Amino acid sequence: MKQAQTKHQPKRYGMVIDLDKCTGCGACMVACFSENNVPFKEDETDKRLSITWMKVYKVTNGKKFPDTEVCYFPRPCQHCAGQHEGHSPCVSVCPATATDYGMETGIVSQIYTRCFGCRYCMGACPYHARYFNWWDPVWPKGMERYLSPNVSPRMRGIVEKCSFCYHRYQLARNKAYTEGRRTLKESEYQTACTQACPANAITFGDLNNPDHAVHQMAQPDLHHHYKPKNPHAFRLLERLGTNTKIYYVSSREWVRKAGDNYQVPLTTDSHGPENSGH
Amino acid sequence: MDSALIPEGVKRCSLPKFLLGLAVVSLVLAWGVYAMLLCWIKGLNQTNMNDYYGFALWIWADLAVIALGGGAFFSGLLKYIIGKDDLKYIINYAVLIGFICYSSALLILAIDVGQPLRSWFIFWHANVHSMLTEVAFCLSCYFAVLTIEYIPLILENRQIDKVPFFHNLSHNMHGAMAVFAATGAFLSFFHQGSLGGVAGVLFGRPFAYREHILIWPYTFFLFTWSAAAYGPSFTLFITWLTEKITRKKLVKDKVIYLLAKISGWMIITYIIAKSLDTLYWMYNTAPAEGFKWTFFFENNPFYTHWVWVAEIILGGFVPGLLLIIKPTRENNFCRVTATVLGILGVSLNRWVMVLQTMAVPVLSFDTWAMYIPSWQEVATTVLPVAYGVILIMISYRYLPIFPQERELNPIEPVAPAADAVEA
Amino acid sequence: MKLSRRCFLSLVAGGAAGTALSPLPWKLADDSSIWSQNWPWTPVPPDGEGTYTLSTCTLCPGGCGINVRKIDDRAIKIEGAKDHPLNDGGVCMLGLSGLQMLYGPTRIQTPLKRAGDRGQGQWKPISWEQAIGEVAQKLGDLRGLGKPQSLACIAAKDTGTVGRLLRRFMSAYGSPNFFRMPSVEDAYEAAIYITQGAIGSAGTDVNNADFILSFGSALLDGYGSPVRVFRANSRLKELNGTVVQVEPRLSNTAAKADKWLAVKPGSEADLALAMAHVIISNNAMNQTFIADQVEGFEAFARMVQEKYAPETAAGKTGLSVDVISEWAMKFASARRPLALYGKGKGQVPGSLKEALAVHALNALVGNINAEGGVWALPAYDYINWPDIETDSVAAAGLQTPRMDGAGTDKYPHARYLTHRIAAGAEGIEALLVAESNPCFSLPNVQAIRTAFEKIPFVVSFSSFMDETAMNADLILPNHTYLERYEDVPVTAGVTQPTVGLCRPVVEPLYKTRHLGDSILQIAKAMKGTVAGAFPWEDYESCLKLTLAGHWETLEEKGVITAAGYAPGGFETASGKFMLMNDDQGAVYMADDVATEGNGNEYPLVLIPYDSIRLASRYVGAAPFMIKTVSDAVIKGQDGYVEINPETAKTLGLADGQLATLTTPVGTAKVGIHYDEGIMPGVVAMPRGLGHTAYDRFLAGKGVNVNELIGFVEDPASGLDAAYGIGAKLA
Amino acid sequence: MSSNEDPKPKDVTEEAHSPSSKGGGGGAYLLLFFLIGLALSMVVGWGIFPKVLYSTKSQPFDFNHKLHLEQVDDSCQSCHFLREDGTFSGAPRLAQCIDCHEQKEREVPWLIYARQPDCVFFSHAAHIKGAGVDCVTCHGNTGTSESLRTYQENRITGYSRDIWGHSIAGIKHNTWDRMKMDDCAACHKDSGSHESSVQTGRDACFVCHK
């Protein structure tokens, strides 16, 4: 494995989202829009043409009034590691190396200037976390003044997605370097959605670091592709073997089932995930 | 007028009539070109694709034409490597059709990418793990091969052939043709396969995903196989169509039957393999990823079980058997029907592998996504067809594509203008 | 000939070869793709020095602390202020979108004078001198005619230096007709006054309660100080506390609550009193509190026994007797139960009966002025200005009764009956509108707009071209909250007196002026006692003098709280909590407030609901917010209503189809959205859509529910108590 | 590939021989013309094209780095410094100039030779503090220059010519001659920084991109 060659324990940034706390208010979405210069159009009601790196799904238990229940699923890019580190559905298929998997952070990157818009990665992503710029991004006159220089605005004809606010990591490291440090504190690198969440439903940190809250909440099992040991935690479509870094926690069983279908009982010796990589 | 350019001993319609026909097709071409420019200048918002349908009509068209163009490499393989010498009477046309199909595929890809100016990154910054990279390389290499195979045909134009340099060039190229045929077959094996791989490696899309042999999913081999099987059918169908339009017999039945028979056996064997693959997927692959196979054919208006009936029975076993069984094979109607069914079958297979894969909801709380192409997409997909027709018209008129034409259509001293209705 | 052609060919061949061997094709290929990576029409945000400015958000009454990230002089991101007593780093969608308003296309960039007819949107830019002059002139004339009372003023709030400056101006000018935009505070203030004799707002200690019984309050959609309530809810999740939501619709709050009690619209008061009945008959109330601090318990007990048996309530609410009893007892037996009043974000005052009933529940479990309960919060005392010397004109004007009848013998419990502007604006000769959008957010806006047409002179101080500004004669644009200083006293349910400081994050972008300064200058221009009432140089000095000692703390921390504040005893005559007296008796015995439109003609009930993804007060939702709105709410330009499939099918309405929604007040084209989360017979529509002003990202999307719903006056208080309206779909 | 197997081709060759024998002497001509074409295109490609491709702009005023360097005590960092938050100040703002100079009213619109495109995240902190790279490595001996070079801008891309380098062939002699991605990558490789990219086996894209 490549980690071996690096001098130190690599990071594995990930998220734990408490679905009991999440209220579906959508602050995470807008925090993301404004942090990452996400463009907007006059009509955003066709959700399949609407760029939302962080998207909140509304899910119901399908029961009739008054037994109906609703749960909200915030869905950023899942930053899949795949069955062997870095074999994400999208990274493996990009023909021009425009999307990459960073061993140091476990973050799936997207380089807008490298991407030439073949959209293969979008077809590969089961979470619909990737978005194509069908239009040129246009800001009403004057509004371009709020654009952040830390995130490059995207041009028409390329794919974009959640980056775990990677620029915040870059800036935090800048600060660390100037202070003669090489390591970051847990609080120094937090994503915009995590920071904004009014319900404190999102937790972000290094899944490899036992001191970090995400590690304690999700209890990833390093020997089984980081499957959560916390019985209330689960990952979207666990059985695809995408080995994602977004863990969801819910006390409601129907919610956990909605997140990852348990059509075939999931057992650690199930060969399902193994089949999914190669 | 242009009689000097027309091959000796064959009859062609009058130039005005020819130009008229050309003009009509060119109108369609122009429509397609207009749509193409719209997509390049205004961007892909001109299409009905969306974030669920990153791949749509265009990618299907690519997969389909390349499968149908498979006749070129396979008949090349049969003639030069396996030694089915009779095929030399149809191979020119197979090459021409292949050339058209592959150039069309490349054109469509050039429209399909969001940043055409950067499309060369696929070569320059290639990611060798990506099936699409493999496609790009093999596709363009094989297109080069097809061009090389097509050139001598052009050189045989009466006037060009007069130039000794070109004459000798074409003559020498003939010698090397076996090499090119071999190269072509080799390249085709990989790009046909990698096109299958494009869908087969998507482990995030349980509907398309297949287990692997080495780095290649089953669909890799199925696609190569199906291209070799249905490609010749397409060649046969186009030949038949040309004969109908020109009202001439252009290739001897013996040759037709031979190719039909081969195509038939290839189809049958392919469809059996395909059925096994499907069964394995239904009862192993899909469940392993947490899905019951029926899920992929429910709760949506279009993709139901009839898809399989159409693809495997009507598009597979039926044409396969029709072409294997001698009486039906040698019955014009049955044979042509078989080739048509085959063409539809393989096209449907490519459609399903691309479009249904996109339509299926993977997240349990997501819904089926349906899609109807915009007129710009349709126009740009029709564009290559028009272009193909034009290329065939010109080639047929000025090049000796069908070696048996003169023999089959001896010119009577007095040529009644009537028989000269054609493309 | 042949030769030359071939020579030409070889020339070309040589040229091709040479070109290929030169950098030209390769560099061009590279540069053209680099060009496509830096298209000149794709903006490149200039980099610079990054800084943060601490301020306070004023886009809703919540008063959250915000920390605005800047690059050089550009504001690029709004974040929640860490360690702020209300939101501690959290921030809602509206707060996050502030920059789209600051830099947005709907900003009014200079004083404007109406050129065409009202509402035509034809304006002539004028100088500030002229603008101030014209207002002073007009108002001077009115005083000259001896009818200062014909000047009215509508504002979002009456607290803080700006609110107080407006009121002070009205008094000095001589008009009693200052209006505050209606809100649940109106009813809460009345209830607190009646039961506790205190003048002030209600603080709800959600942070320390362990059982919250919410009567339709949108805890997770912007009720009170939104982030504060969110945090309280999350805290309850951690401590396995309980949230019970009483509402006809599966709102976000109901969805996340531990129990959703789906009741028929308008039956909340009956449920509350029935629960009181259960608690009393089971002797589950807080005996000591009742004994020591409550007056009129017996009378109250008798009243609920007579009129509010669970059986009756069961019929009215649609809940079973068992459910009512079960949750009444759970409430009573909780350690720190808290019943909340106020539907949605609290934009409609609601019925006094319901407010009292809910307050009574709190009294029964003894959590009035107690930790985890409801506190009476006095008006803040940091504004001590000299009394106004009024001249005879003003004195006379102030003697005239308020034109809405608030505070009169008929409606002693109401301070403002702002909705009445719709009914009678005849008396109004001139109107000042500050930081509010009555032409959009008051019920029955058609009536409001007609009333506006009757008002000869309307001045708007809006920063944005909203519906009210569109219907004004003069616009004196205010700075946005990101360009100005202002004190922000928070009354939205907080238990500690809290004042935030809103401060300029960026220099004013346009030729706008602080509302406070506009008032000061108008007053000064009017000379005499009016001018005399405003001894300050400008607003900023007024603010600093007023805040005096607090100023430094605010500058540094951005907020001050009277930490450790605890309310004293009750200010009633008896010094006890007045659970029941004759006034209240009358209120309790009165019938429920009915909706407009009888059941035969209007078989359905339309209820508005609040979504935290939409803004329905002064400012309109920003593009970012609209982007997040579900396609089950707006699709294209059409607004969709939630309806139970069962009901829809009986009406023959298919999911997704368009239909006509008719109420006694108005008609609109709406889309049908099947939703199992809503009670049969009810249709729901969000507030905040259907704007006619603002930009193309907001205008024309969906339907403004205020065009379909009117106000219904609570006989007891005169306040608007409409919770819905009869409706029919076809 | 044609397969016409009849005697025709032979006759054709015979016919065809006559014209070609006439044009036999043409061979030399053909070569000549070929060379002319070759030469011309070479001149265009290597000589004219680069001149046309770049426009030249001169700085607002001629700045003497050498002179300033003698005046200040903290060498380059005196004017080009890392801010507290770790970001790099870049070309000095007016605010810094007026520490020594008399008040000027507006910012100086410097043309930045080393400006990278927007997609690049370059961390001066990482290079200066982290790796101890000195300014010269990338910026050359600007510090000792007595006047400013003319600024050349690529008409198509808008890039400063320093990025591609002044040799149109892209040949570099010094580390600072070129500033393309490959140059960054090469240096990173040599300095043995983490091979953290799955795809390239070098540094992950996000290390230097935003």
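Just so it is clear, the model here is predicted, and its values are computed rather than measured. Chain identifiers are assigned alphabetically (A, B, ...) following the order of the sequence lines, protein sequences preceding nucleic acid strands; residue numbering begins at 1 within each chain.
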query = Can a salt bridge be assigned to the pair K63(A) and E676(C) using a cut-off of 4.0 Å between side-chain N and carboxylate O?
reply = no
Residue among [options] with most heavy-atom pairs under 4.5 Å to chain A:
options                            : value
L250(C), V44(C), I612(C)           : L250(C)
W260(C), W41(C), F697(C)           : F697(C)
I78(C), L236(C), N252(C), L99(C)   : N252(C)
K237(C), K256(C), E646(C), M625(C) : K256(C)
I678(C), N87(C), N233(C), N644(C)  : I678(C)
P43(C), G80(C), P45(C)             : P45(C)

Is it the backbone or the side chain of [X] that comes under 4.5 Å from a heavy atom of chain A, or both, or neither?
X       : result
S630(C) : backbone
I71(C)  : side chain
R69(C)  : side chain

Please check if the side chain of [X] supplies one atom and the backbone of [Y] the other of a donor-acceptor pair under 3.5 Å.
X       : Y       : answer
R74(C)  : L147(A) : yes
D47(C)  : P149(A) : no
K627(C) : I51(A)  : yes
R231(C) : P198(A) : yes
S148(A) : I76(C)  : no

Specify the closest pair of heavy atoms between [X] and [Y], including all atoms of both residues, with the distance to one decimal.
X       : Y       : value
M143(A) : Q100(C) : CE-O, 3.5 Å
K47(A)  : V629(C) : NZ-O, 2.8 Å
M155(A) : T42(C)  : CB-OG1, 3.9 Å
V38(A)  : F624(C) : O-CE2, 3.6 Å
C25(A)  : M93(C)  : O-CE, 3.2 Å
G636(C) : D43(A)  : CA-OD2, 3.6 Å

Mind checking the [atom1]-[atom2] spacing from [X] to [Y]? Nearest 0.5 Å is all I need.
X       : Y       : atom1 : atom2 : result
T628(C) : M54(A)  : OG1   : CE    : 13.0 Å
S36(C)  : F116(A) : OG    : CZ    : 12.0 Å
Q37(C)  : I111(A) : CD    : CD1   : 11.0 Å
L219(C) : T23(A)  : CG    : OG1   : 11.0 Å

task = Would you mind reporting whether K21(A) and E238(C) have side-chain heavy atoms less than 4.5 Å apart?
result =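 When only atoms from C-beta onward are counted, K21(A) and E238(C) do touch, with a gap below 4.5 Å.
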query = Side chains of T45(A) and K701(C): closer than 4.5 Å at any heavy-atom pair?
reply =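 A side-chain contact is absent here, since even the closest heavy-atom pair is not under 4.5 Å.
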Region of D18(A) that comes under 4.5 Å of a non-hydrogen atom in chain C =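 No part of it gets close to chain C.
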ask   = With only heavy atoms counted, which part of K141(A) is less than 4.5 Å from chain C, the side chain, the backbone, both or neither?
value = backbone
query = Do the rings of Y146(A) and Y103(C) sit parallel, tilted or perpendicular, given the 30° and 60° boundaries?
reply =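 Ring orientation, 0 to 90° scale: tilted.
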